[in-house]
Each structure stands twice: as C-alpha cells, then as structure tokens.
2 protein chains.
Amino acid sequence: MMQTPLLLTQMIERAEKYFPKKEIVSRTESGINRFTYKQWGERTRRLASSLSKLGVEEGDKVGTLAWNHHRHLEAYFAIPCSGAVLHTINIRLSPQHIVYIINHAKDQVLLIDPDIVPLIEKVKDQIPTVKAFIVMTDGELPETTLEPVYHYESLLEEGDPSFQFRNDIDENAPAGMCYTSATTGNPKGVIYSHRGIVLHAMALGLADTTGVSERDVALPVVPMFHVNAWGLPFAAVWFGSKQVLPGPYFTPGLLAGLMQDEKVTISAGVPTIWLGLLNELEQNEYDLSSLRSVLCGGSAAPKGMIRSFEEKFGIPFMHAYGMTETSPLAVIAASKSYHDDLSAEEKLDLKAKQGILVPGLDMKIVGKDGEVAWDGIEMGELALRGPWIASEYYEDERTEDAFRDGWLYTGDVVTIDEEGYIKIVDRTKDLIKSGGEWISSVDIENALMAHEHIFEAAVVAVPHEEWQERPIACVVLKESGKGSVTKEEIMDFLKPQFAKWWLPDEILFLDEIPKTSVGKFLKRALRDQVQDQMKQI
Amino acid sequence: MMQTPLLLTQMIERAEKYFPKKEIVSRTESGINRFTYKQWGERTRRLASSLSKLGVEEGDKVGTLAWNHHRHLEAYFAIPCSGAVLHTINIRLSPQHIVYIINHAKDQVLLIDPDIVPLIEKVKDQIPTVKAFIVMTDGELPETTLEPVYHYESLLEEGDPSFQFRNDIDENAPAGMCYTSATTGNPKGVIYSHRGIVLHAMALGLADTTGVSERDVALPVVPMFHVNAWGLPFAAVWFGSKQVLPGPYFTPGLLAGLMQDEKVTISAGVPTIWLGLLNELEQNEYDLSSLRSVLCGGSAAPKGMIRSFEEKFGIPFMHAYGMTETSPLAVIAASKSYHDDLSAEEKLDLKAKQGILVPGLDMKIVGKDGEVAWDGIEMGELALRGPWIASEYYEDERTEDAFRDGWLYTGDVVTIDEEGYIKIVDRTKDLIKSGGEWISSVDIENALMAHEHIFEAAVVAVPHEEWQERPIACVVLKESGKGSVTKEEIMDFLKPQFAKWWLPDEILFLDEIPKTSVGKFLKRALRDQVQDQMKQI
C-alpha cells in the first residue's frame with residue numbers, strides 16, 4: 001500500500017473540491033456572516049500565506065484566543081496545513097495560567113478576538129516568545145498597546161488565495177495542542193498529531209458513533225478552544241457538512257434560534273448548555289425538528305434531562321465521554337440493534353451511561369484486584385490506548401502520573417455492564433476507600449440530591465484509623481428544608497438505597513459547597529474544611 | 001499521540017468483546033449454520049493456534065480456495081492476526097494461473113473447499129512450496145491424493161480457543177494478498193497491509209459512504225476470493241454487523257430467500273448478480289423491505305437496472321468503483337444533500353455515474369492536455385493515491401506500467417462533472433484516438449445496444465493513415481432484426497446522438513462478440529478479427 005500520510009490537508013482540499021457551495025454560517029460581534037467553503041478555503045490559504053510571511057515556520061506554535069467563528073476555523077487549517085502547530089488557548093483560564101501556557105508552548109504568534117485583547121495587553125510583557133499579535137475583528141483594528149499588532153482582514157487581503165498547503169508532512173508531526181487544567185499546579189499540554197486528528201475525525205464519521213456527514217448541519221457549542229470543539233470542525237470540513245458557529249456570548253435563546261433558522265442537525269456541548277436550552281424550550285416555541293443528535297460530554301448528564309430532551313421535545317440525546325488527552329471521543333452511548341426491544345425506561349438508563357468504546361481504541365478497567373468484571377457493579381479506573389490517545393503531557397514531569405505501561409490512566413472510576421457500557425462513578429481521587437472496598441461519592445451525592453429538600457450535596461472521605469477512609473456527606477438544604485430536615489431523616493432516606501458500610505458517618509449542613517470556576521465541586525477544599533469541622537464534633 | 005498500530009486484531013477483539021451475541025449465518029454444502037461472534041471468535045483462535053502448530057510463521061503466505069462461508073471468515077482473521085498473510089485465490093482462474101500464483105506467492109498452506117479439492121489434486125505436483133492442505137468441509141475428510149492433508153474441523157478441535165492474537169505487528173506489514181487478471185500474461189499480485197485494510201474498513205463505516213454499522217445485516221455476494229469481498233467482512237466484524245454468507249453455488253432465488261429470511265440490510269455484488277436478482281423479483285414474491293443498500297461495482301450498471309431496483313422494488317441501489325489495486329472502495333455514488341431537489345430522472349442519472357471520491361483518497365484525471373476540466377465531457381485517465389491504494393504489483397515488472405510518480409494509473413478513462421462525480425467511459429486501451437481527439441467505444445456501444453433490434457455491440461479502433469485510428473462497430477442483431485436491419489438504418493439511428501467524427505466508419509454484422517471467461521467483451525481478439533475483415537472490404 002502507498003505510504004501516503006494522514007494529514008489535515010486532505011480535509012480542506014476535499015471540502016474545496018467537492019463541497020465549494022456548502023456553507024459556513026458564522027456569528028461574530030457584528031452579526032451573522034455566511035461563507036461558502038470555496039470562499040472559506042481561499043481565506044484560509046490567504047491566512048496561511050500571511051503567517052508564512054510573518055515568519056511562521058514548520059513546527060512553530062501559533063496560539064488562538066478566540067470564540068467559535070469562521071476566522072477561528074480558518075486558523076484551524078491554515079496553521080497545521082502549512083506545518084505549524086495550532087495552539088488553542090482556553091480564554092477562561094486565569095491570566096497567570098494563560099501566561100504560563102503561552103510561555104510553555106513558546107507561541108510565536110497569537111490570533112486574538114477583539115474582546116480578549118485587554119486580557120493580553122495586561123500580560124504582554126510576560127510573553128516574550130510572541131513576535132506578532134493578530135486581531136480577528138470585523139471592524140477597525142482597536143486601539144491597543146500590543147506590538148507588533150496586525151489586522152486579520154488586512155493580512156488576508158495581502159495574502160495569496162492559491163497558497164499551496166503541504167502534502168509532505170510526517171503524519172506523526174504535531175498539528176495542534178491544547179492545555180488541560182490540573183487539580184494542582186499549572187495546566188498540562190497535550191499535542192495532537194495529524195494522524196490522531198484524521199483518525200479521530202474518521203471515527204466521528206462512522207455510522208455507529210456520531211455519523212457526521214455531508215447531510216449534517218453541525219453547530220459546535222463546545223468552544224473551539226476546548227479539545228478542538230471535540231473534533232467536530234475537522235470532521236465537518238472533511239465531510240462537507242454545513243457549519244454554524246455561534247460566536248461570542250451566546251444565550252440559550254440565541255442557540256435555539258440558530259438551530260431553528262439554520263436547520264441544525266447535530267450539536268455538541270456540556271450538560272450546563274443543554275440545561276439552559278431545555279429551559280429555553282420550555283419557555284418559548286421553536287421548531288427544532290431538524291436536530292438528529294445532541295451530543296453531551298464533559299460531565300454526566302442527569303437522566304431527567306435526557307428524558308426531557310427525548311420524551312418532551314423528541315430530540316435524540318447522546319452521551320459521550322472523553323477528555324483533552326483523548327482528542328476527545330473515546331466512549332459513546334450508541335445503542336445496539338437489539339436494544340430496540342428494551343422498554344422506554346431501560347433505554348433511558350442506557351442513555352444515562354457514557355456508552356461503549358469507539359472503534360479504533362482499546363480499553364481496560366483496573367480495579368483493586370486487577371481488571372473488573374463486566375457486571376455493572378465492580379468499580380475500576382478506566383485506562384485507554386489508541387492512535388488518538390495522548391502518550392504524554394508536553395514537556396511535563398506529570399506525564400508519569402497518568403501514562404503508564406503504554407496506557408492513559410484517565411483518573412475516572414467506572415463500572416462496565418454485561419454489554420460493555422461504561423458508567424462513570426467517580427474520580428479516582430474522590431473515591432472513598434473504606435476497609436479495602438470502594439465507595440462512590442457520586443452515587444451517594446446523586447441519591448442525596450434526589451431528596452426533595454436538598455439543594456446540593458457533596459460526599460468526601462475523611463481518614464479513619466480502622467477503615468482507612470470513611471464518607472462524610474455535606475448537604476445544602478433548600479429553603480423548604482431549613483430548620484426542619486434532620487440528619488436522622490436524611491440517614492433514614494439513604495438507608496434503603498445502600499449497603500450499610502456505604503452510609504456516611506456524618507452529615508454536615510453547609511451554606512454552600514465550594515466550587516471551581518466552571519461550577520464543579522471543589523472537593524479538595526471541601527475535604528480540608530470537613531476535616532477541620534470533624535475535629536470539632 | 002500513542003504509536004499504537006492499526007491492526008486487524010482490534011477488529012476481531014471488538015467483535016468478541018462487544019458483540020458476542022451477534023450472529024454469523026453461513027450456508028455451506030450441508031445447509032445453514034449459525035454461529036455467534038463469541039463462537040466464531042473461539043473457532044478463529046483455534047484455527048490460528050493450529051496453523052501455528054503446522055509451522056506457519058510471521059510473513060508466511062496461507063492460501064484459501066473457498067466460497068463465502070464462516071470458515072473462510074475464520075481464515076480472514078486467524079491468518080493475519082497471527083502475523084501471516086491471507087492469500088485469497090480466485091477459484092475461477094485457469095489451473096495454470098492458479099499454479100502460477102501459488103508458486104509466485106510461495107503459499108505454505110492451502111485451505112480448500114471440498115469441491116475445489118479435485119482441481120488442486122491435478123496440480124499438486126506443480127506447487128512445491130505448499131507443505132499442508134486443509135479441507136474446509138462439514139463432513140468427513142474426502143478421499144484425496146493431497147498430502148499431507150488435514151481435516152479443518154479436527155484441527156479446530158485440537159486448537160486453543162484462547163490463543164492470543166498479536167498486537168505488536170507493524171501496521172505496514174502484509175495482512176492479505178490477491179491476484180488480479182492481466183489482459184496478457186499471468187495475474188498480478190497486490191499486497192494489502194494491516195493499515196490499508198483498517199483504514200478501508202473505517203471508510204466503509206462512514207455515514208457518507210456505505211455506513212456499515214452494528215445495525216446492518218451484511219450479505220456479500222461478491223466472492224471472498226475477490227478483493228476481500230470488497231472489505232465488507234472486515235468492516236462487518238469490526239462494527240459487529242450480523243453477517244450472512246451465501247456459500248457455494250447460490251442462485252438468485254436462494255439469495256432473495258436469504259435476504260428475506262435474514263432481514264439483510266446491505267449487500268454487494270456485480271451487475272450480473274443484480275440482473276439475476278431483478279429477474280427473480282419479477283417472477284416471485286419476496287419481502288426485501290429490510291434492504292437499505294445494494295452496492296454494485298465491478299462494471300457499470302445500466303440505468304434501466306438501477307431504475308427497476310429503485311422505482312419498481314423500492315430498493316436503494318448504490319454504484320461504487322474500485323479495483324483489486326484499490327482495496328477496492330475508491331469512488332461511491334452517494335448523493336449530496338442538495339441533490340434531494342433533483343427530479344427523479346436526474347437522480348437516476350446521478351446514480352448511473354460511479355460517484356465521488358471516498359474520504360481519505362486523492363485523485364486526478366489526466367487527459368491528453370493535462371488534468372481535465374470538471375465538465376462531464378472531457379475524458380482522462382483516472383489516477384488514484386492514498387493509504388489503501390497499492391504501491392506496486394508484488395514482485396512483478398509490470399509495476400512500472402501502472403504505478404508512476406506516486407500514483408496508480410487505473411487504466412480507466414472517465415469524465416468528471418461540475419459536482420465531482422465520475423463516469424467511466426472506457427478503458428484506456430479501448431479508447432479510440434481519432435485526429436488527436438478521443439472517442440469512447442463504450443458510449444457508442446451503449447447507444448447501439450439501445451436499438452430495439454440489436455442484441456449486443458462492440459466498438460473497436462482500426463488504424464487509419466490520416467486520423468491515426470477510426471471506430472468500427474461490430475453488431476449482433478436480435479432474431480427480430482436479422483435480414484431486415486441495414487447498416488444505413490443503424491447509422492441513421494446513431495447520427496443524431498453523436499458528433500459526425502464519432503460515427504463508426506463501418507458497421508460489421510457478427511454472429512457473436514468474443515468474450516472473456518467472466519463475460520466481458522474480449523476487445524483485443526475482436527480488434528484482430530475486425531482488422532482482418534476490414535482488409536477484405
């Protein structure tokens with residue numbers, strides 16, 4: 001067989017040749033813009049030629065600080081298809097972390113949305129590798145202290161619309177990179193190779209996964225600065241799907257409107273987004289009958305939310321699982337043909353699991369006594385292997401924590417049922433190890449949060465002389481329960497649902513649970529707080 | 001990203017783990033057999049362990065002479081997943097050619113269907129590399145002069161059902177091979193690598209191509225000794241599709257029955273097969289409502305046949321194009337979303353073309369003045385490049401005829417329309433070069449064969465002093481036309497359909513057109529015959 005490399009170049013060339021009429025709808029600060037793939041292809045080539053003139057060379061990192069729009073999509077191809085590395089920077093990180101990763105990646109050029117310019121101005125003296133700033137604006141170049149600064153559209157005007165992309169890159173060469181937050185310390189970088197991105201995009205096109213196709217209208221709500229918007233823009237370009245990019249500061253109403261007007265068929269985002277959309281659909285009337293799949297990842301979607309999408313609004317909902325280190329698609333809740341015979345409730349239970357392994361990857365689940373049984377009960381850490389799974393953190397000593405013996409240890413504790421469907425039960429570090437057995441903090445939390453008077457609940461481990469660790473429940477009551485609901489009542493509520501040794505040793509009432517910037521429980525802080533409080537009991 | 005290789009091992013392991021209950025239906029000489037993927041996986045591992053005990057080592061060629069059945073599917077994985085090479089031998093070749101390719105490939109072991117045993121007995125003294133013969137029979141080992149000979153099922157009984165397949169093979173290592181007939185001389189061998197087969201199977205799973213899925217029931221009519229049954233068995237195992245293998249000596253009635261009883265969703269074969277099935281459907285009643293796609297390749301399907309499938313029987317028909325050298329899927333007649341607006345007749349015209357390039361490959365069409373225009377008119381030779389396109393003929397000097405500058409020159413002359421859809425108009429060697437322009441023999445033949453009194457027609461070139469070459473039409477009349485239809489009448493029939501310089505210089509009436517063993521026009525012989533006849537005119 002020919003040794004032709006798997007490169008992003010073939011994706012954009014296919015879109016230009018076979019789907020020149022298909023459309024990219026992009027919402028920017030000035031409103032809706034429409035481009036054909038032909039126009040977009042020429043703009044992308046102009047950008048590549050301009051970056052080359054600015055001195056960007058093979059292997060150089062080019063950072064983007066941008067929302068989901070056509071210019072970001074141009075950067076997605078202009079940079080890697082000319083041999084450089086697309087470094088998408090999470091604009092929601094703290095300024096210190098942004099400075100860290102720009103320096104760690106040694107970004108040469110930054111492509112910046114106008115609303116992010118002030119953030120970069122504040123740190124411009126701390127990022128010496130950056131030799132040029134390019135502002136991706138519809139209007140004039142804003143007044144700025146950044147230097148040297150370029151106007152994106154002016155660069156494009158001077159660019160060459162028939163710039164030749166490279167077909168001779170090694171398929172294992174880096175095409176992109178993305179940093180993921182760490183629980184402690186600086187973010188960790190993951191490098192995506194051309195080969196990894198191409199194979200991952202192919203996996204997204206499989207009928208048995210997300211089946212991204214020319215017939216789709218794809219709206220990635222997940223940010224393009226977050227794991228390549230789950231690879232959806234790459235697959236959509238390759239297969240010639242119409243794309244709808246919602247730009248900055250979208251609201252649920254705006255998303256629902258775009259979905260209706262542009263006849264969106266597939267969208268992808270985190271549970272918070274879908275909760276917002278559900279709310280919007282309950283308040284206002286939209287025709288979303290074109291939607292064939294709402295992909296949900298990032299964290300587990302509650303079964304009630306899935307039920308509302310499917311039963312109330314007739315919108316197919318699909319759980320998926322992955323992480324920055326896995327490109328990200330690794331597991332998807334696609335049903336098997338014989339699952340058609342399940343009851344509606346059993347189907348919902350299946351959809352509430354993360355799903356089965358995507359073709360092309362390998363998996364093992366390591367419990368305390370080796371690989372776990374496929375019984376939906378035994379818990380173990382999910383480990384993954386395959387051509388779109390990272391092999392290391394970029395120049396980072398923490399590589400050895402997660403990458404061992406050729407496997408990525410995800411840090412996610414899961415069960416797997418008889419049919420191979422995975423359900424995430426906890427993070428390894430939040431798991432409670434009691435008397436040699438494992439207790440899932442998430443399971444107890446979910447049970448607590450189903451109580452009518454409980455607003456939120458978090459369960460953490462405290463050290464225990466005899467049992468090693470024991471669970472403590474932290475509960476925030478709703479107004480309806482304050483002053484009336486007792487510890488005993490909550491314990492009685494839990495008892496029929498769990499084995500006796502799973503029950504928390506103590507229930508603490510708190511005013512709120514400490515949270516991270518993206519709204520996840522900050523269990524590390526909570527553990528410290530609980531240990532202090534327990535000493536006083 | 002991890003450097004995990006793309007190997008067939010991951011396909012069978014996925015089927016065993018995730019789809020152990022799914023079924024393989026296999027028709028052998030004794031009737032219908034049913035196996036689950038779990039059972040089939042164990043049998044495949046037993047076979048691999050037995051081959052290993054027989055001395056088969058990494059890189060060794062193991063030949064199969066077999067129809068489409070479960071044992072052949074076991075060989076499809078047992079051989080490559082233990083590092084050896086699956087050499088599928090076309091049982092319809094002449095004994096001399098079979099001897100040539102066994103010797104050329106240096107096959108160590110042959111797996112043989114009982115009805116092929118007599119053929120191999122006749123040549124057993126001419127194939128010295130073969131150290132063992134294994135007969136794949138349901139019953140007792142037949143009386144045979146083959147030596148040493150083994151009974152397939154007895155070998156399996158002694159085999160190890162938990163034999164470990166290899167995960168450490170180089171993805172570029174050979175996994176399979178297949179010989180393709182040449183117009184002159186011996187067949188030419190093509191080697192398939194693990195990487196090529198895996199990527200090709202992934203392409204078969206794309207929603208935009210054939211979308212092979214767990215939900216499918218796949219029936220490959222195309223023989224497993226012919227380009228891996230177009231890769232369908234590999235994709236079906238990987239994605240966990242139910243498979244229906246029709247075994248030896250199937251009739252259209254038997255195929256229609258299997259399709260109905262097993263609820264087949266996707267099938268693949270050459271036009272002759274589908275003509276036979278159409279005939280059967282017109283004569284007897286079947287419920288084939290489960291069929292979502294009939295894939296047709298090998299040669300062009302007439303538009304009338306496509307119309308009958310689609311309009312009369314409501315069965316979606318899909319043209320595809322490929323060859324032994326292309327694994328084979330290269331081009332597929334999938335429509336674009338905006339083609340939904342075409343009229344029924346325009347849709348049929350689109351379906352009668354071979355289609356657009358499959359994602360992952362690269363293509364160019366080289367005419368007499370460089371790459372052709374995308375106008376549906378200009379003709380050029382189709383050249384292909386990509387990771388499942390062969391780079392050479394196995395140890396064969398004829399490599400340089402077809403493989404040049406990193407491209408496979410297919411020898412097929414095509415046009416390409418504005419939308420990128422390819423239509424095959426001729427083989428390069430059958431094209432008529434007249435006055436510096438090209439004339440498609442196939443176009444004139446199709447026009448002639450649409451005449452009510454013409455049974456068949458072939459058009460060939462004869463040398464011409466002034467114009468270099470000129471077309472001569474050879475026509476076989478139906479009984480209805482014999483003695484009444486004249487040359488002038490036929491010429492008048494052609495005139496409105498073609499430019500003047502396309503019209504044949506002469507029309508010869510023949511009793512029959514010479515044909516190859518598979519029913520294609522033998523144009524080389526016909527050209528000689530016509531040149532002789534023309535001298536007499």
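Quick note: numbers below take in every heavy atom, side chains included, and nothing from hydrogens, waters or symmetry partners. In what follows, every chain begins at residue 1, and chains take the letters A, B, ... in the order their sequences are listed.
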Heavy-atom distances under 4.5 Å only: say whether [X] touches chain B with side chain, backbone, both or neither.
X: A:L7; answer: neither
X: A:T210; answer: neither
X: A:W388; answer: both
X: A:Y192; answer: both
X: A:L204; answer: neither
X: A:L384; answer: backbone
X: A:V190; answer: side chain

Non-hydrogen side-chain atoms of [X] and [Y] separated by less than 4.5 Å:
X: A:L206; Y: B:V212; value: no
X: A:K17; Y: B:W374; value: yes
X: B:P387; Y: A:M2; value: no
X: B:K21; Y: A:E419; value: yes

Check whether the side chains of A:Q3 and B:S391 place a donor and an acceptor atom closer than 3.5 Å, and report yes or no. no
Under-4.0 Å salt bridge between [X] and [Y]:
X: B:R215; Y: A:D340; result: yes
X: B:R14; Y: A:D362; result: no
X: B:E171; Y: A:R195; result: yes

Begin from the C-alpha positions of A:K22 and B:S337 and carry the test side chain to side chain contact (heavy atoms under 4.5 Å, CB included) through to its verdict. CA-CA 10 Å; A:K22 293 294 300 287; B:S337 46; 3.9 Å; yes
Using a cut-off of under 4.5 Å on heavy-atom pairs, state which of [options] scores highest against chain A.
options: B:S335, B:P359, B:G211; result: B:P359
options: B:G205, B:P20, B:S327; result: B:G205
options: B:A203, B:A390, B:G420, B:G406; result: B:A390

When rounded to the nearest 0.5 angstrom, what is the spacing between [atom1] in [X] and [atom2] in [Y]?
X: B:R385; Y: A:Q10; atom1: CZ; atom2: CD; answer: 10.0 Å
X: B:D208; Y: A:Y18; atom1: CG; atom2: OH; answer: 13.5 Å
X: B:K336; Y: A:S213; atom1: NZ; atom2: OG; answer: 12.5 Å
X: B:M1; Y: A:I389; atom1: CE; atom2: CD1; answer: 7.5 Å

Per-residue contact mode, [X] against chain A (heavy atom under 4.5 angstrom):
X: B:V358; result: backbone
X: B:L199; result: both
X: B:A334; result: neither

Exceeds 12 heavy-atom contacts within 6.0 angstrom, atom NZ of A:K347: yes
Going through the checks in order, is the side chain to side chain contact (heavy atoms under 4.5 Å, CB included) test met by B:T4 and A:L361? CA-CA 9 Å; B:T4 48; A:L361 297 181; over 6 Å; no
